[in-house]
Amino acid sequence: MTSTLFTNIGELRTVSERGTLNDAAIVAEDGVITWIGEAAKAPEADRAEDLGGAAVLPGWVDSHTHMVFDGNRAEEFEARMSGGEYAAGGIAVTMEATRSAGAERLDELVAGRVAAARAGGTTTLETKTGYGLDTASEKQAAEIAGRHVDEVTFLGAHLVPPGADAGEYVDLVCGEMLDAVAPHVGWIDVFCERGAFDEDQSRRVIEAGKAKGLGVRVHGNQLGEGPGVSLAVNYDAASVDHVNFLTDADVEALAASKTVATILPACDLSTRMPLAPARRLIDAGATVAIASNLNPGTSYTSSMNFCVTTAVLQQHLSLDEAIAAGTHGGAVALRRQNVGDGRDSQGRPAVGTLVEGAAANLHVLRSATAIDLAYRPGMPVTAATYLAGERVA
Ligand code: NIG
């Protein structure tokens with residue numbers, strides 16, 4: 001085991017009760033943080049990395065992506081920028097491209113997308129199936145995702161494939177497809193929205209997933225008010241994602257629950273939807289996560305820097321709140337947050353925080369202060385990314 005001292009950290013945002021430390025250092029051993037404190041008091045280590053006075057924060061925890069796809073929907077996007085509307089039906093275009101891609105190509109595409117996310121400071125990733133929409137393609141997507149990311153979600157209930165009967169398709173998702181995919185995933189998700197799955201269908205999908213021991217997540221309230229949030233809260237979902245259109249009752253329910261409200265700012269901009277009411281959610285006491293929602297239809301970016309910047313500039317979060325939402329919030333949405341001694345509820349090194357016992361996942365900025373994320377929007381702010389103590393970008 002080799003220990004590494006990361007020293008000369010100008011501003012260390014721990015995203016923990018220790019807050020922000022200046023002139024700080026971290027020691028990591030075997031992928032885990034073993035010491036944090038003033039650089040002048042740091043213990044010796046086998047090797048040292050001088051971070052040159054940079055600001056350091058936990059690696060981003062991107063808790064909502066759709067990485068397993070081929071093709072793009074640039075024409076659909078361009079038409080939307082000329083006044084068109086987003087509709088769920090576009091998912092079928094990506095389904096066709098994904099089904100015909102082949103496993104090897106999809107694997108390469110996902111590897112490239114993970115590398116791009118790492119280059120932007122992301123160290124923990126969730127991704128979903130949902131562009132296969134038949135048993136073999138969904139299983140393949142889950143297997144590929146499992147080779148590249150930390151958490152995999154089954155989203156067979158993304159769209160009823162063109163030509164299929166909705167009832168029969170839900171039967172398939174809850175039966176044969178779930179049986180085939182469940183061994184490769186930890187979560188089930190449903191796109192509970194007009195044009196996708198209604199409340200009863202969503203309920204069936206969630207119950208089938210729960211019966212298999214999967215955690216629950218829901219795509220909800222993206223295109224209008226609807227039952228997504230209440231379903232998610234009632235089923236104790238780890239997160240409900242999108243949350244653009246919320247009633248007061250939705251906000252209150254989220255604030256009184258353990259369900260994270262995941263906002264997807266890049267998606268809101270790319271679909272020209274009203275930005276999710278993150279300020280209102282935080283003020284009410286809900287836990288908010290920020291995620292990229294990387295996918296070819298509504299959010300073709302994995303840039304968490306961009307999403308966090310947008311949350312500050314346009315959704316009125318403070319820098320502290322936005323950084324917390326992109327790190328700790330994502331960790332809670334994946335149930336990987338610190339529940340004590342830097343460990344998550346399964347005893348793994350926690351993510352989204354920098355404390356002793358947690359994963360040594362570091363996002364090193366090019367500047368001495370993290371406010372540059374929002375103050376200098378769009379500038380290349382990430383200098384380096386360390387995953388479990390090893391530099392990956
Ligand atoms: O999270 N909203 C549903 N699913 C994706 C978009 C899917 C698509 O249009 O390809 C999302 O935005």
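Start at 1 and go down the list; that is how both ligands and their atoms are numbered. Small disclaimer: the values here were computed from a predicted structure and weren't measured. Just so it is clear, the values below take in all heavy atoms, side chains as well, and ignore hydrogens, waters and symmetry mates.
Proximity of the aromatic rings of F6 and Y386 is defined here by a centroid distance below 6.0 angstrom, and this criterion is met.
Contact atoms of ligand 1 toward H242: 1 (O), 2 (N), 11 (C), 12 (O) (distance under 4.0 Å to a heavy atom of the residue). Numbered from 1 in the order shown, with element, the atoms of ligand 1 that lie under 4.0 Å from a heavy atom of Y86 read 6 (C), 7 (C), 8 (C), 9 (O). Interface atoms of ligand 1 facing R73, defined by a heavy-atom separation under 4.0 Å, are 8 (C), 9 (O), 10 (O). Of all atoms in ligand 1, numbered sequentially from 1 with element shown, those under 4.0 Å from a heavy atom of Y131 are 7 (C), 8 (C), 10 (O). In summary, the atoms of ligand 1 found under 4.0 Å from a heavy atom of I91, numbered by their order in the structure, are 7 (C), 8 (C), 9 (O), 10 (O). For ligand 1, the atoms sitting less than 4.0 Å from at least one non-hydrogen atom of T298 are 6 (C), 9 (O), 11 (C), 12 (O), numbered in the order shown with element in parentheses.
Of the charged side-chain nitrogens involved, at least one lies within less than 4.0 Å of a carboxylate oxygen, so that E143 and K139 count as a salt-bridged pair. A salt bridge links E321 and R279; the closest N-O separation between the charged side-chain nitrogens and carboxylate oxygens is under 4.0 Å. Ion pair R336/E126 not flagged as a salt bridge, since none of the NZ, NE, NH1 or NH2 atoms sits closer than 4.0 Å to an Asp/Glu carboxylate oxygen. Ionic pairing of D62 and R118 is not present here: no N-O contact between side-chain nitrogen and carboxylate oxygen is shorter than 4.0 angstrom.
No heavy atom of E193 sits closer than 4.0 Å to any atom of ligand 1. Ligand 1 lies nowhere less than 4.0 angstrom from a heavy atom belonging to F69. At least one heavy atom of N293 sits closer than 4.0 Å to an atom of ligand 1.
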Between R366 and D372, is a side chain to side chain contact (heavy atoms under 4.5 Å, CB included) present by the stated rule, with each step listed? CA-CA 9 Å; R366 281 184 197 279; D372 281 10; over 6 Å; no
For T65 and T127, what are the C-alpha separation, side-chain angles and deciding distance, and is it a side chain to side chain donor-acceptor pair (under 3.5 Å)? CA-CA 5 Å; T65 78; T127 207; 2.7 Å; yes
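Scanning the protein for heavy atoms near atom 4 (N) of ligand 1, the closest one is H158 NE2, 2.7 Å. The protein non-hydrogen atom at the shortest distance from atom 2 (N) of ligand 1 is Q222 OE1, 2.8 Å.
A cation-pi contact, defined as under 6.0 Å to the ring centre and within 45° of the axis, links R113 to F69.
At least one N or O atom of H66, backbone or side chain, sits closer than 3.5 Å to an N or O atom of ligand 1.
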